[in-house]
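What follows is a short report on a single structure.
Just so you know, ligand 1 is whichever comes first in the structure, and atom 1 is the first atom listed for that ligand. Numbers here simply count residues along the sequence, with the first being 1.
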Amino acid sequence: MEVEIRLGSIQEIASELIVVNLFQGVEQPGGATGAVDRALGGAITELIAAGDFRGKLGETAVLYPRGAIPARRVMVVGLGERASFNAQAVRRAAASAAQAAQRLGVRTFHTILHGAGAGGVPPAEAAQAIVEGTILGTYAFTGYGAPSPDRPAPIERMAIVLFGAAQQQEVEEGARAGRIIAESTCFVRDLVNRPANYMTPAMLAQAALAMAQEVGLRCDVLDEEQMAALGMGALLGVAQGSDQPPRFIILEYSGGEPKAAPYVIVGKGITFDSGGISLKPGEGMHLMKNDMAGAAATLGVLRAVALLKLPIHVVGLIAATENLPSGKAYKPGDVLKSLSGLTIEVISTDAEGRLILADALTYAKRYQPRAVVDLATLTGGCVVALGRVASGLMGTDEALIQALRQAAEESGEKTWPLPLYDEYAEQIKSEVADLKNSGGREASPIIGGMFLKRFAEGYPWAHVDIAGMVWSEKAQFETPQGATGYGVRLLCQWLRHAARQAPEAADR
Ligand code: BES
Ligand code: MN
Ligand code: ZN
């Protein structure tokens with residue numbers, strides 16, 4: 001989709017469709033919506049007075065000007081309540097408007113900058129949110145069957161219409177960032193929506209190499225032999241039950257001082273999680289194709305950071321393998337020797353994510369990172385605790401956790417802290433190894449965090465358990481059914497702040 005910024009009065013623009021907005025409870029529209037209302041002889045006021053439009057977030061109505069203005073159609077989109085209004089509401093209103101526009105069959109539309117006037121959202125943020133909402137809300141996974149005849153045609157172009165030139169530059173920058181971040185999120189959705197037979201570890205590595213080539217990133221892929229030479233016994237233990245060979249993917253973006261300490265993103269890349277010998281129940285098992293969503297989001301963040309040209313150094317590390325039962329598979333009771341040197345007793349082969357992340361977190365140490373954040377669909381318990389509203393956030397560095405919480409509030413991708421108290425370590429003590437990989441059902445998201453903490457040594461670290469966030473059963477505003485692409489907006493927001501705040505001075 002092309003995105004354009006135009007100057008002018010919305011009511012004077014010749015367009016297939018113009019989009020204006022209303023807050024809930026407003027009876028007499030003001031601003032650009034008021035101008036359109038007057039040009040239409042009060043048609044919007046009438047719509048409200050008749051009780052046919054209440055301004056609920058994402059509600060839409062279409063009016064036909066019949067020559068009163070040059071536009072063919074006028075859409076009014078609800079912004080919801082003024083008291084709870086923010087950039088996320090702009091994103092959602094834009095997503096609903098774009099979906100309604102797509103259903104009308106329009107190819108191009110013109111919209112005002114929702115939220116920037118009376119709403120009080122800074123113009124750059126409003127523009128970013130509109131573009132994100134539009135692109136994210138009209139995403140669809142193509143799939144493998146015959147194309148559906150009732151799938152709406154994609155929108156080709158959207159224009160944001162500004163009344164004055166004063167904000168034009170900010171709006172252009174916001175729109176550009178929104179487009180990069182949204183397209184990177186859609187890139188992630190495409191990877192996560194693919195079934196495991198179209199997304200093996202080798203295929204994930206191929207996708208990483210192709211993306212890196214496209215946006216100008218460094219990408220190295222380690223094969224099984226190289227991992228064995230390094231001593232990645234935990235990752236290889238998980239991989240040994242599968243006929244698909246594992247991959248370890250390293251991406252590097254050097255936007256700042258080449259020697260500056262990097263931010264490292266680590267992604268869980270289980271391309272299919274059957275549970276292994278500790279086999280999962282059959283029901284819903286097909287969804288375990290999304291157990292590589294942390295890895296995909298890592299790719300998405302690196303893609304966005306490169307296109308945004310952030311002046312920082314960022315590394316992405318992905319441990320990718322299947323987790324399957326077979327005659328070669330690792331078993332409960334086995335002891336694995338990790339890259340760190342710590343030995344791990346396997347209690348459940350279904351607690352595989354922490355095993356592959358253990359080696360990735362140890363590998364991260366060689367970069368002397370400024371901070372490490374891992375993204376992982378780690379525990380079902382996190383879904384039980386926080387549902388599909390927020391991810392679970394844990395870590396060893398208070399400043400890093402605060403920065404991520406702020407980025408979550410701003411980006412609309414929520415996260416919520418869980419504690420890593422020392423007392424929890426009791427649950428993963430082993431009689432035969434340095435630690436064990438499962439502590440039972442109690443506090444399982446925290447126990448996952450406690451396990452990872454043993455390997456995240458020597459740098460500030462945070463763990464984001466995204467198990468509840470990566471998949472949506474139903475479409476809602478900017479989130480379609482299926483893969484959500486969670487994590488890209490959150491970490492891009494964090495890294496954009498980091499790039500602004502801290503000039504890259506820290507030498508290694
Ligand atoms: N990938 C799963 C976690 C998961 C479960 C994500 C359900 C989304 C929905 C992970 O590998 C897993 O199986 N975790 C176990 C850990 C347990 C054995 C300690 C879990 O949460 O049951
Ligand atoms: Mn598992
Ligand atoms: Zn898993």
Closest approach of any protein heavy atom to [atom], naming residue and atom:
{"atom": "atom 18 (C) of ligand 1", "result": "Ser348 OG, 3.6 Å"}
{"atom": "atom 22 (O) of ligand 1", "result": "Gly380 N, 4.4 Å"}
{"atom": "atom 6 (C) of ligand 1", "result": "Ala467 CB, 3.7 Å"}
{"atom": "atom 10 (C) of ligand 1", "result": "Leu378 O, 3.3 Å"}
{"atom": "atom 12 (C) of ligand 1", "result": "Asp350 O, 3.2 Å"}

Practice prompt. Using 2.8 Å as a strict upper limit, say whether an N, O or S atom of Lys268 approaches the Zn ion (ligand 3) that closely.
Written response: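 Short answer: yes, at least one N, O or S atom is under the cut-off.
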
Worksheet item: Got a sec: is Asp350 within less than 2.8 Å of the Zn ion (ligand 3) via an N/O/S atom?
Response: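 False for Asp350.
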
Worksheet item: So do Met469 and Val464 actually touch side chain to side chain, heavy atoms under 4.5 Å?
Response: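 A side-chain contact is absent here, since even the closest heavy-atom pair is not under 4.5 Å.
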
Practice prompt. Please confirm whether Arg189 makes a cation-pi placement over Tyr139, using NZ or CZ under 6.0 Å from the six-membered ring centre and within 45° of the ring normal.
Written response: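 Ring-cation test returns yes.
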
Fill in: Test: Arg454 cationic atom under 6.0 Å from Phe451 six-membered ring centre, within 45° of axis
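Relative to the ring axis of Phe451, which defines the angle, Arg454 lies outside at least one limit.
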
Worksheet entry | At the Zn ion (ligand 3): angle between Asp273 atom OD2 and Asp291 atom OD2, to 10 degrees |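 About 90° at the Zn ion (ligand 3).
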
Item to complete: Report yes if some N/O of Ser438 lies less than 3.5 Å from some N/O of ligand 1; otherwise report no.
Response: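 In this structure, Ser438 places no N or O atom under 3.5 Å from an N or O of ligand 1.
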
Worksheet entry | Under 3.5 Å: N/O of Arg354 near N/O of ligand 1 |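 Among all N and O atoms of Arg354, none is under 3.5 Å from an N or O of ligand 1.
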
Would you say [X] touches ligand 1, if touching means a heavy atom closer than 4.0 Å?
{"X": "Ser444", "value": "no"}
{"X": "Met469", "value": "no"}
{"X": "Met288", "value": "yes"}

Which heavy atom of [X] sits nearest to which heavy atom of [Y], and what is that distance?
{"X": "Ala306", "Y": "Leu217", "answer": "CB-CD2, 3.9 Å"}
{"X": "Leu404", "Y": "Val373", "answer": "CD1-CG2, 4.1 Å"}
{"X": "Ile347", "Y": "Pro332", "answer": "O-CB, 3.4 Å"}

Worksheet item: So which pairs with a foot in residues 131-151 pass salt bridge (charged side-chain N to carboxylate O under 4.0 Å, His left out), sequence neighbours left out?
Response: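 For residues 131-151, and leaving out neighbouring residues, the salt bridge (charged side-chain N to carboxylate O under 4.0 Å, His left out) pairs sorted by first residue read Arg91-Glu132.
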
Worksheet item: For atom 1 (N) of ligand 1, which of Asn437, Asn290, Ile270, Asp291 has the closest heavy atom?
Response: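 Result: the heavy atom closest to atom 1 (N) of ligand 1 is in Asp291.
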
Worksheet entry | Residue and atom, protein N/O/S, under 2.8 Å of the Mn ion (ligand 2) |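 Metal shell, protein only: Asp273 OD2, Asp350 O, Asp350 OD1, Glu352 OE1.
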
Worksheet entry | Short side-chain donor-acceptor distance under 3.5 Å, Ser391 and Thr415 |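 Per modelled atom types, Thr415 and Ser391 side chains form a pair under 3.5 Å.
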
Worksheet item: Between the side chains of Gln88 and Glu410, is a donor N or O closer than 3.5 angstrom to an acceptor N or O?
Response: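 Not at all, the side chains of Gln88 and Glu410 share no donor-acceptor pair under 3.5 Å.
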
Fill in: Contacting atoms of ligand 1, where contact means under 4.0 angstrom from a heavy atom of Thr377
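By the 4.0 Å cutoff, the relevant atoms are 1 (N), 2 (C), 3 (C).
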
Worksheet item: Which atoms of ligand 1 have any heavy atom of Glu352 under 4.0 Å away?
Response: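 Atoms satisfying the 4.0 Å criterion: 11 (O).
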
Worksheet item: Do side-chain atoms of Asn323 reach the backbone of Thr349 as a donor and acceptor pair under 3.5 angstrom?
Response: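 Side chain of Asn323 to backbone of Thr349: a pair is present.
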
Worksheet item: Within the side chain of Asp291, is there an N or O that forms a donor-acceptor pair under 3.5 Å with the backbone of Asp273?
Response: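 Judged by distance alone, no pair lies under 3.5 Å.
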
Worksheet entry | Heteroatom of Glu352 nearest to the Zn ion (ligand 3) (N, O or S, atom name) |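 Closest N, O or S atom of Glu352 to the Zn ion (ligand 3): OE2.
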
Worksheet item: Can we say Arg179 and Glu183 salt-bridge, meaning some charged N sits less than 4.0 Å from an Asp/Glu carboxylate O?
Response: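 Yes.
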
Discussion item. Assess whether a salt bridge exists between Lys328 and Asp243, defined as any Lys/Arg side-chain N lying under 4.0 Å from an Asp/Glu carboxylate O.
Written reply: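 Asp243 and Lys328: salt-bridged.
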
Item to complete: Could you tell me which residues satisfy side-chain hydrogen bond (donor to acceptor under 3.5 Å, both in side chains) with Ser326, sequence neighbours excluded, listed by chain and number?
Response: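 Checked Ser326 against side-chain hydrogen bond (donor to acceptor under 3.5 Å, both in side chains); zero matches.
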
Region of [X] that comes within reach of ligand 1 [heavy atoms, distance under 4.0 Å]:
{"X": "Asp273", "answer": "side chain"}
{"X": "Leu287", "answer": "neither"}
{"X": "Met292", "answer": "neither"}
{"X": "Lys268", "answer": "side chain"}

Discussion item. Tell me whether the count of non-hydrogen atoms from other residues, nucleotides or ligands lying under 6.0 Å of CD in Gln226 goes above 12.
Written reply: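 Count over threshold, so yes.
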
Determine all donor-acceptor pairs shorter than 3.5 Å in which one atom belongs to a side chain in residues 420-428; sequence neighbours excluded.
residue, atom, partner, partner atom, Å
Glu426, OE1, Lys429, NZ, 3.4
Gln427, NE2, Gly439, O, 3.0
Gln427, NE2, Glu442, O, 3.1

